[in-house]
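Here the structure comes first, spelled out in structure tokens, and everything after it is commentary.
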Amino acid sequence: MPKTFDFKEAESRLYRWWQDHGYFKPEVAPPDAEAYVISMPPPNVTGRLHTGHALFTTLEDLMIRYERMRGKAALWVPGSDHAGIATQLQVEKMLRDQGTSREEIGREEFLARTWEWKEKYGGEIIEQLKRMGASCDWDRLRFTLDDGLSNAVQEVFITLYEQGLIYRGPRLVNWSPGLKTAVSDLEVEREEEQGKLYFFKYPLEEGGFLPVATTRPETILGDTAVAVHPEDERYKHLIGKMALVPMLNRHIPVIGDEYVDREFGTGALKVTPGHDFNDYELSKKHNLPIVNIMNRDATINQNGGQYAGLDRFVAREKIWTDMTLAGMTIEVKDHTMVVPRSQRGGEVVEPMISTQWFLKIEPLAEKAINAVRNGDIEIVPERFEKVYYHWMENIEDWCISRQLWWGHRIPAWYGSNGEVYVGKTAPATTPNVTWTPEEDVLDTWFSSGLWPFSTLGWPEKTADLQRYYPTQMMETGYDILFFWVARMIMMGLWFTDKPPFKTVYLHGLVRDKLGRKISKTLGNVIDPLEMVEQYGADPLRFTLATGGTPGNDINLDTARVERNWRFVNKIWQMTNFVTSNLDGDLPFGAPPPSELDLPSRWIMSRLHRLVATTQRLFDTYQYGEAGRQIDDFLWSEFADWYIEISKHPLYQGNDTDKANTRRVLRTVLDTSLRLLHPFMPFVTEELWSFLPHEGEALIVAGWPQADESYFDEAAEATMVTLIDLVRGIRNVRDEYKVEPSRKISAQAESKLYASALDQYRYLFARLCNVADLQILTAGQTAAEQSAIVVAGDVTVYLPLVDFVDLAAECERLTKEKAKLIEQITKLQTTLGNEQFVSRAKPEVVERERTRLAGLQASADQLTERLNGLCP
RNA sequence: GGGCUCUUGGCUCAGUUGGUUAGAGCGCACGGUUCACAUCCGUGAGGUCAUAGGUUCGAGUCCUAUAGGGCCCA
């Protein structure tokens, strides 16, 4: 095999190979295999791969590969979203650059251009997902504007309309003047900003005035009442009187309502139902008229009298100036307030009366709440269930129409007779009635909400729908829990009567290494494609998978990607070692424990514990921790110890030793590559191909099962002692500055481990250059001028005549003993506590006792040595 | 205003249902070319687990409060 991993060459080759063999298709599993399905959160069709995509791809591919290896019919349905506003904005920008606009070219031409744009750039994100190693079934690729999905959207819309759940009407909505469309509550972001609070005099019909404060003076033009608290001694006598709208002189009532906060501003509130949500509610209660003072672009309309035509912010200045001249203003104060801004455009959103389509969502929400409550759907991490309930229980009707062109056109027609027709095709022509089609399109999330079943063919009763619906896993970011997940649950239950998925796994946001949100303006963009270029997909994937915990944000440190690139190399080198030391035909699997030497029993025990741990962690969705454990096992147990130790039997052993060691090496590596494959598919597949193996590809190889017959506590305990001794000896050598190449001799005494030491003395030769180890038997004494190392009941004497300084050795040992005594004292206190012995779990007590015995043995050794050496 | 979350060595992060001496990587110091790997190996320094109480035989882990960071909803 090559000396290093050429990931650039291998990744594309392996990906093609997998795809050509149909491994990404669920049909590779037997027809009766249990299905495991993930619907991919569809990225925006014209998007470019960012770290968020990289994260979901990593996690979902991990889940899919794992289940595929477990023999399930694993299907990952890929797709992309037309992303109404986002895409339309991009195309509009292109048109601007070309010196035209969508208004100029018209709807039909605009849509044609957008489809062209989609054809041109829509494939990019797909190719980028492939570079991450995404094992989706690309034959089942879907796009939200595909015919099938559009049909599903129409079906759903019409059904909901017929069920009386969709209605159309004028209502106060969030209006984005920049995009010239309504947006939903979720698409509005509220942030605290520095603004001003304007105090002014509201003139009363009978003379005098009522002091009022507002943050948006231009809305005075739309006032239809002034409200005070009914128990406010200052103003309550004015309730029922009339006031005059400044500059317009419209007559409006003074009303009393407990909603008014007496502490805020002047304690009197101007009521603008046409441009404020709270005022809108108030107006319904008091039957106030609603005056809309703005056009679609947020300029003032004819209801604003002399201010008509002015931009809302210009009008704000103008009216204030005019009022000041008229002596109606009091003062202006700095004021921190919450300003609603459009999630997309960023401009200030204006509450405006507008005729829109709404979905009455409570009935759907009720089912969705129950599905989570009764456990049909599980949300991981669990804490998000609370967030989900809270939102669902306070859900408001969903404004589903958008004044855009790119999207699913609402299937409605307006008759000249005032009739509204909803259906898939235009209504039949009727005498004297002309039908005009609805211009609006549906909110992007309306079609996304159908994703898990629309992608499988619904409403047609397709074979895929039968076989793969409901899906198992919905893996996505917590930031779209309401936007998307909640709506899928509602739509899924309403239309298929089944929860669309069993589990919702929510991941966090990917941030930069300092925990800041990644943004172009901050200049901290981490481009996953660049990472893939530089290090390959595997290191990036491993970093994302192991870099955090479920539901929490990940601070992506590129240094970790680099480290994991080295991990990839490390595994490569391990495999190189193993394959170059294999020889001849060996039976697959490892020999039974009884036939193995101590190091092999140890590594097999560790391996199977790792398999068990990985299983437990996967079962609880703790993929990151699993990855870290596999990493740790491979590098710091298998490579650092077992491989080094194995060189002895491989080079010096007899045929049986050699064969056993080879089989163990190959088994450990094979099993580890399987465990690692969902994390790092490319390098593991490539390496597996170099190992003798059964089966055609790692991607469809079996997932390991822990075999408890390999669990071996005794072997583990002995190996830990031997490893401790090796470390101790290295340590002493280092402290006494014994050149690493210098061979030394040693003597050891022990009751418990004498035979192990005797049998595995080669460990010390290999691992710490102890050329000659003599096991002391009863009566034999150790060389005087020596340093000692203690572990368990073992004492190793290192006669370093030229190096050991008696005083220094005494000091070293005294320190070591002090450490031991400290622990022993602590343990004795614990064990001496009757409460502990009676209340703690028996195995805990037992473990502590064993530990104490070991520590005491070591301390005894040290004491004896100190007595002899240091008077 | 309501809720969630985080705070562990210089940096980035782990840490089953409370139970060994709180771990890893990066960085740092020192030392290493023997046949898998210098994309490496060995050794080491570095943490009162934000603070204060509490529960418990036992708390990084559970509870309460406080401080600071982040997020969601209103």
Side-chain angles (χ1 to χ4, degrees), chain A residues 1 3-5 185-186 189-190 277-278 338 381 383-384 386-387 389-391 394 478-479 481-482 508-509 511-517 535 539 543 546-549 551-581 613 616-617 620 622 624-625 627-629 631-632 635-636 639-640 643-644 646-647 650-651 665 726-727 730-735 737-741 766-769 819-820 822-823 826-827 829-841 843-845 847-848 850-852 854-855:
Chain A
M1 55 185 279
K3 277 280 161 208
T4 53
F5 181 41
D185 296 339
L186 285 174
E189 285 171 350
R190 288 157 211 280
F277 285 95
N278 291 318
V338 177
R383 64 183 143 90
F384 286 104
K386 206 187 279 185
V387 185
Y389 291 137
H390 184 257
W391 189 73
N394 298 284
Y478 64 70
D479 52 325
L481 178 60
F482 307 141
L509 268 43
R511 301 169 172 277
D512 77 356
K513 71 169 279 195
L514 300 175
R516 299 174 305 180
K517 208 164 185 168
Y535 300 111
T543 305
T546 59
T549 41
N552 291 322
D553 293 352
I554 295 177
N555 294 353
L556 179 58
D557 185 350
T558 53
R560 286 183 86 117
V561 182
E562 186 181 329
R563 185 275 170 186
N564 289 327
W565 163 70
R566 276 181 280 164
F567 179 44
V568 165
N569 176 67
K570 186 74 185 179
I571 307 164
W572 189 272
Q573 303 306 336
M574 288 177 213
T575 310
N576 184 38
F577 173 84
V578 172
T579 54
S580 57
N581 280 292
T613 304
R616 173 179 62 78
L617 292 168
T620 49
Q622 300 180 75
E625 184 58 17
R628 288 185 287 268
Q629 300 245 8
D631 178 335
D632 192 50
W635 203 321
S636 54
D640 287 352
I643 285 187
E644 291 309 321
S646 74
K647 288 173 185 173
L650 285 177
Y651 303 153
L665 282 168
V726 168
R727 288 208 166 111
R730 283 172 177 167
N731 188 336
V732 167
R733 293 185 64 123
D734 201 63
E735 271 187 51
K737 310 251 181 289
V738 182
E739 307 92 84
S741 55
R766 286 232 157 241
L767 303 174
C768 47
N769 222 357
K819 263 199 233 165
L820 278 174
E822 196 187 331
Q823 288 175 51
K826 236 169 126 181
L827 263 181
T829 313
T830 308
L831 283 162
N833 186 335
E834 273 180 45
Q835 299 274 20
F836 172 74
V837 179
S838 59
R839 293 195 191 190
K841 284 182 232 160
E843 68 261 30
V844 172
V845 179
R847 196 177 61 214
E848 299 295 304
T850 314
R851 218 184 108 221
L852 179 60
L855 289 174

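Below, chains carry the letters A, B, ... as their sequence lines are ordered, and counting in each starts from 1.
Remark: P of B:C40 and CE of A:Met574 are 11 Å apart, rounded to the nearest angstrom. Between the P atom of B:U5 and the CZ atom of A:Arg511 lies a distance of 16 Å, rounded to the nearest Å. Straight-line distance from the CG atom of A:Asp631 to the P atom of B:C26: 10 Å, rounded to whole Å. One interatomic measurement links the two molecules: CZ of A:Arg190 to P of B:C72, which rounds to 12 Å at whole-angstrom precision. With rounding to whole Å, A:Tyr478 atom OH is found 11 Å from B:C73 atom P. What separates CG of A:Leu855 from P of B:U20 is a distance of 13 Å, to the nearest Å. The nearest whole Å value for the distance from the CD atom in A:Glu735 to the P atom in B:G44 is 8 Å. Between the NZ atom of A:Lys3 and the P atom of B:A38 there is a distance of 8 Å, rounded to whole Å.
The distance from the CG atom of A:Asn552 to the CG atom of A:Leu509 is 11.0 Å, given to the nearest 0.5 Å. Note that OH of A:Tyr478 is 8.5 Å distant from CZ of A:Arg383, once rounded to the nearest 0.5 Å. With rounding to the nearest 0.5 angstrom, the CG atom of A:Leu767 is 10.5 Å from the CZ atom of A:Arg727. Between A:Asp553 atom CG and A:Arg511 atom CZ the span is 4.5 Å, to the nearest 0.5 Å.
Within 4.0 Å of A:Asn569, counting heavy atoms only, lies at least one base atom of the nucleic acid. Here A:Asp632 lies out of heavy-atom contact (under 4.0 Å) with every strand. Within 4.0 Å of A:Gly515, counting heavy atoms only, lies no atom of the nucleic acid at all. Within the 4.0 angstrom heavy-atom criterion, base atoms lie near A:Gln823.
Remark: the separation of the C1' atoms in B:C13 and B:G60 is 15 Å, to the nearest Å. The gap from the P atom of B:C28 to that of B:G68 amounts to 36 Å, rounded to the nearest Å. For the P atom pair drawn from B:C63 and B:C6, the interatomic distance equals 11 Å after rounding to whole Å. Taking the C1' atom of each, B:C71 and B:C62 are spaced 24 Å apart, rounded to whole Å. Comparing the C1' positions of B:U7 and B:G47 gives an interatomic distance of 14 Å, to the nearest angstrom. With C1' as the reference atom, B:G27 and B:U21 are 25 Å apart, rounded to whole Å. Distance noted for atom C1' between B:U17 and B:A38: 44 Å (whole Å). Look at the P atom in both B:C49 and B:G9: the space between them is 10 Å, to the nearest Å.
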Please evaluate residues A:Ser741 and A:Glu739 with respect to the criterion side chain to side chain donor-acceptor pair (under 3.5 Å), reporting the C-alpha separation (whole Å), side-chain torsions for both, the decisive distance (0.1 Å), and the verdict.
CA-CA 5 Å; A:Ser741 55; A:Glu739 307 92 84; 5.6 Å; no

Could you walk me through whether A:Thr549 and A:Glu625 pass side-chain contact (heavy atoms from CB on, under 4.5 Å), step by step?
CA-CA 8 Å; A:Thr549 41; A:Glu625 184 58 17; over 6 Å; no

Take A:Phe5 and A:Asn569, measure what side-chain contact (heavy atoms from CB on, under 4.5 Å) needs, and give me the verdict at the end.
CA-CA 7 Å; A:Phe5 181 41; A:Asn569 176 67; over 6 Å; no

Could you give me the CA-CA distance, side-chain angles and deciding distance for A:Leu556 and A:Val561, then say whether side-chain contact (heavy atoms from CB on, under 4.5 Å) is met?
CA-CA 9 Å; A:Leu556 179 58; A:Val561 182; 4.3 Å; yes

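Using cut-offs of 30° and 60° on the angle between ring planes, the pair A:Trp565 and A:Tyr535 is tilted.
Listed pair A:Lys386 / B:G3 fails the phosphate criterion, with no side-chain N or O lying under 4.0 Å from OP1 or OP2. Between A:Arg851 and B:U21, a side-chain N or O to OP1/OP2 separation shorter than 4.0 Å is present. Contact check, A:Lys570 against B:C41: a side-chain N or O comes under 4.0 Å of OP1 or OP2. Residue A:Asn552 has no polar side-chain atom (N or O) positioned under 4.0 Å from OP1 or OP2 of B:U5. At least one side-chain nitrogen or oxygen of A:Tyr651 sits closer than 4.0 Å to the OP1 or OP2 atom of B:A36. For A:Trp635, a side-chain nitrogen or oxygen approaches OP1 or OP2 of B:C41 to under 4.0 Å.
Distance from the side chain of A:Pro740 is smallest for B:G31 among the nucleotides B:U5, B:U12, B:G31. The nucleotide whose nearest atom lies closest to any side-chain atom of A:Phe482 is, among B:A36, B:C73, B:U12, B:C73. Comparing atom distances between the A:Ile643 side chain and each of B:A36, B:U39, B:U43 picks out B:A36 as nearest. Set against B:C71, B:G15, B:G42, the side chain of A:Arg628 has B:G15 as its closest nucleotide.
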Given Watson-Crick and G-U pairs under 3.5 Å, RNA chain B in dot-bracket ([ ] crossing, | other strand) is (((((((..((((.....[...)))).(((((.......))))).....(((((..]....)))))))))))).

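No salt bridge links A:Lys819 with A:Glu822; every basic N to acidic carboxylate O contact stays at or beyond 4.0 Å.
Side-chain contact annotation: A:Ser636 with A:Asp632, donor-acceptor N/O pair under 3.5 Å present.
By the 4.5 Å heavy-atom criterion applied to side chains, A:Val738 and A:Asn769 are not counted as neighbours.
Near RNA chain B, defined here as any heavy-atom distance below 4.0 Å, the residues from residues 561-568 of chain A are A:Arg563, A:Trp565, A:Arg566, listed numerically.
Each of A:Thr549 and A:Arg730 was assigned the nucleotide of RNA chain B with the nearest heavy atom; the assignment lying further toward the 5' end belongs to A:Thr549. Of the two residues contacting RNA chain B, namely A:Arg766 and A:Val726, the nearest-nucleotide position lying further toward the 5' end is that of A:Arg766.
Shown here is A:Glu843, whose CD atom has more than 12 heavy atoms of other residues, nucleotides or ligands within 6.0 Å.
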What protein N or O atoms touch nucleotides 16-19 of chain B N or O atoms at under 3.5 angstrom, if any, and at what distances?
residue: B:U16; atom: O2; partner: A:Arg616; partner atom: NE; Å: 2.6
residue: B:U16; atom: O2; partner: A:Arg616; partner atom: NH1; Å: 2.3
residue: B:U16; atom: O2; partner: A:Arg616; partner atom: NH2; Å: 2.9
residue: B:U16; atom: N3; partner: A:Arg616; partner atom: NH2; Å: 3.2
residue: B:G19; atom: O2'; partner: A:Arg847; partner atom: NH2; Å: 2.2

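Evaluation of atom-type donor-acceptor distances gives a pair under 3.5 Å for the side chain of A:Glu644 against the base of B:A36.
Nearest heavy-atom pair, A:Ala639 versus A:Met574, reported as atom, atom and distance to 0.1 Å: CB-CE, 3.9 Å.
Side chain of A:Arg851 to main chain of A:Leu827: no donor-acceptor pair is present (N/O by atom type, distance under 3.5 Å, no hydrogens or angles).
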